[in-house]
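Here the structure is laid out as structure tokens; the discussion comes afterwards.
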Number of protein chains: 2
Amino acid sequence: MSSAIDLGEQDEQGEEKRCLNSELWHACSGPLVCLPTLGTRVVYFPQGHSEQVAVSTNKEVEGHIPNYPNLPPQLMCQLHNVTMHADVETDEVYAQMTLQPLTPQEQKDTFVPIEIGIASKQPMNYFCKILTASDTSTHGGFSVPRRAAEKVFPPLDFSQQPPVQELIARDIHDVEWKFRHIFRGQPKRHLLTTGWSVFVTAKRLVAGDSVIFIWNEKNQLLLGIRRASRPQTVMPSSVLSSDSMHIGLLAAAAHAAATNSRFTIFFNPRTCPSEFVIPLSKYAKAVYHTRVSVGMRFRMLFETEESSVRRYMGTITGISDMEPLRWPNSQWRSVKVGWDESTAGDRQPRVSLWEIEPLTTFPMYPPLFPLRLKRPWHPGIPFPYGDIEDAEILYNSYYDPLLYPMVLPESPLEDAEPEADEPTA
Amino acid sequence: MSSAIDLGEQDEQGEEKRCLNSELWHACSGPLVCLPTLGTRVVYFPQGHSEQVAVSTNKEVEGHIPNYPNLPPQLMCQLHNVTMHADVETDEVYAQMTLQPLTPQEQKDTFVPIEIGIASKQPMNYFCKILTASDTSTHGGFSVPRRAAEKVFPPLDFSQQPPVQELIARDIHDVEWKFRHIFRGQPKRHLLTTGWSVFVTAKRLVAGDSVIFIWNEKNQLLLGIRRASRPQTVMPSSVLSSDSMHIGLLAAAAHAAATNSRFTIFFNPRTCPSEFVIPLSKYAKAVYHTRVSVGMRFRMLFETEESSVRRYMGTITGISDMEPLRWPNSQWRSVKVGWDESTAGDRQPRVSLWEIEPLTTFPMYPPLFPLRLKRPWHPGIPFPYGDIEDAEILYNSYYDPLLYPMVLPESPLEDAEPEADEPTA
DNA sequence: CTGTTGGCGCGGAGCCGACAA
DNA sequence: TTGTCGGCTCCGCGCCAACAG
């Protein structure tokens, strides 16, 4: 029950619609969302996946979750499939990925590629407007900001009085919507009148939601929506308990890791606090190439309400495991931070290394020869700072995996305990 | 995001609304739905739970699902909580249950109680009408069947011309809806006019859906809906893959069974093909008290479109495991049947013993003294017909657990294999 | 430049009985 | 008994410019 944009091989689930311009999907997802490239190697974080489920179901884990000792906090995988989707009911965008954990041999043979994912190619001719009360009321139409209209709408014929034209825009399901675009009033302004209210009604838009218009290279007008209400989106509680969902994602990943078989995940960019499938190269660069220490200043990108990007500044206050018992030696949100601005409403108190940009860059010392790293991030053995709470200085390695091939552990599972189903504490 | 009707102890999830008349929930669920009683012992069937997920997500299991050898096909549990809910968006009814697998000691001490669940007390003064095209069009109101109006609506004052009154009905979320009830036209008929269309719009009703009006003992008018479209209800595919959901429910139940801890399930009576949590007494009566054989005739209750009940006749064509590899010795849909009427559209080709009513009843031979059954339905040891495909005659026991206490296996897990995460085939 | 409001006209929501099934 | 339709009325959707921020 969703439209799909297939980025690669055959979609396993027989989705029908494809070939929709992925610009619209990315525009709806936001400027910071970046999907990994099909066929490349990625790192999957069960903790991040769990966070998404917790946000989606609006419930933290309540019951007891079994341990999966063979499931590392970061799981290297081959990305076999990436498809973009949009919920038919709500137009909520999400991506489906098919991952396959790498065998020890594959990990050994791995060379970290250079590419770091599909750049979130924000289209040039687009605009995003937050709907006002007037835009969504039944009293009138949609007031188009002047610059927006001139940039993304076809030019009006100003010989007419008033200048009018019909706009045809396609939404993410490839459905056509027609609007009357008129330039009138005193002072003059661009308006969408006829056709606008049926769109608002059909999409159930309210003041505070946003619409996105895109004029792409093929001279097509695309139309997307983004809902304001972050809290409590879908609540599929009537299907499966949230505890079972948490167990399900962990057990599915653990099973796939144990058997080197494929598993499928969904990524909801609008609800998910942080991406939990990232390119291996991005991970390697951040973990082995970056030196961070307590007190260090950093920048981090955030999305604004108007769908643009701004930087927030902060200071690293600690480096430690987020969940030492369940996920020891995890890179997920291992950096504790404080934010400069007091209005740090939804900014997390913990971030991951690849999310931030340290300000004080140390000079790099490339090694004289390719360094062989003996299981540099094996979950079974501690990190350099693995036992240090709030370490003073952390530097992972001078080794640059983007410049030199990275040698990976020969057998990441060889000293792990047999998988059991036991309580944590 | 749902209303809840609490049947017992404190709801763990902090739901706010309660105390709604459960008559409405049962009316919306259908006349055959019967929830087990709080505090009693029940039998949980992972296979049935899996069926519900498959129907809800509209996807069969595609990937590979790990085995859970310690999870028996029928799991005896204590029922700690039962709450009735309705989805806020769709009014879809569902129940939440908290189950706790019994310890070997508890199973040993079990006496099968007599009660067999909350009788689905269909209220007396109610009616259910399938909406016509005229009922749902914007052209007019709702045509009330004469008998229905006279039975469940307050009597009109026929001294007026025409007789009119205002009806106030509460839906399952306790929201008030007001309607103008008038008796007019030539010939005279009961109609709901003002207020009806806003209800149809708000609930997104279409022709084919049903409405239910109930006049309960407290002189309250209740109003429920039932949607016609059985196929593809909610599709929460954007949260968790259906494979992960299947794994999740199995892993959650297996973990709870291994640790004797509580787990939570949701039951959707409108989408679920068969109830997968049934009272222990009902199970025991069907499995130990009933003799069935190939060729035997039986009756089974089904719900009609008009929310009433009718019997369909059929013949038993075989008795065997539905999924011999994954669920050996399972009572779930162990009876293969053929239906008399060729229009057996959605009637399953396999049913469970407790769903049918054999027509040829053998005389009962109560034992002279309480019979001690050594693990009569332990999953690790075969049933009397466990190795027989399409057995000619099956009789489980003359022992009647409703008349005599049933002695249960001392340790249902003692000879099970250690839990592993291995492929099936 | 753009959000909101008063004015107002017209299309469809919605009430009615007439039919017929 | 009740589903659908033509007729009719009137409410409110929706187009317009006038403001003001």
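In what follows, chains carry the letters A, B, and so on, assigned in the order in which the sequence lines appear, proteins first and then strands, with residues in each chain numbered from 1.
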When you measure from every atom of DNA chain C, which of residues 134-143 of chain B have a heavy atom less than 4.0 Å away?
B:T138, B:H139
Evaluate the ring planes of A:Y94 and A:H85, with Trp represented by its six-membered ring, and classify them as parallel (under 30°), tilted (30 to 60°) or perpendicular (over 60°).
parallel
Short side-chain N/O contact from B:R184 to OP1 or OP2 of C:dG17, under 4.0 Å:
yes
Identify whether any heavy atom of A:R147 sits under 4.0 Å from a base atom; if not, whether one sits that close to sugar-phosphate; answer base, sugar-phosphate or nothing.
nothing
I'd like to know whether the aromatic ring centres of B:H181 and B:F153 sit less than 6.0 Å apart in this structure.
yes
Can we say A:K203 and A:D209 salt-bridge, meaning some charged N sits less than 4.0 Å from an Asp/Glu carboxylate O?
no
Report yes if a side-chain nitrogen or oxygen of B:S197 is closer than 4.0 Å to either non-bridging phosphate oxygen (OP1 or OP2) of C:dG14; otherwise report no.
yes
Expected output: side-chain A:R227 to main-chain A:R204 donor-acceptor under 3.5 Å
yes
Keeping the roles fixed (side chain from B:S29, backbone from B:W25), state whether a donor-acceptor pair exists under 3.5 Å.
yes
Any A:T194 side-chain nitrogen or oxygen under 4.0 Å from OP1 or OP2 of D:dC15:
yes
Can any side-chain N or O of B:R270 pair as donor or acceptor with the backbone N or O of B:N268 at less than 3.5 Å?
no
Give me the bend of the helix from C:dC1-D:dG21 to C:dA21-D:dT1, using the axes of the five pairs at each end, rounded to 10°.
40°
Considering only nitrogen or oxygen atoms on both sides, find all protein atoms under 3.5 Å from nucleotides 18-21 of chain D and state each distance.
{"from": "D:dC19", "atom 1": "N4", "to": "A:R189", "atom 2": "NH2", "distance (Å)": "3.4"}

Using a 4.0 Å heavy-atom cut-off, does B:K129 contact any base of the nucleic acid, only the sugar-phosphate backbone, or nothing at all?
sugar-phosphate
Can you confirm if the aromatic rings of B:F142 and B:F179 lie within a centre distance of less than 6.0 Å?
no
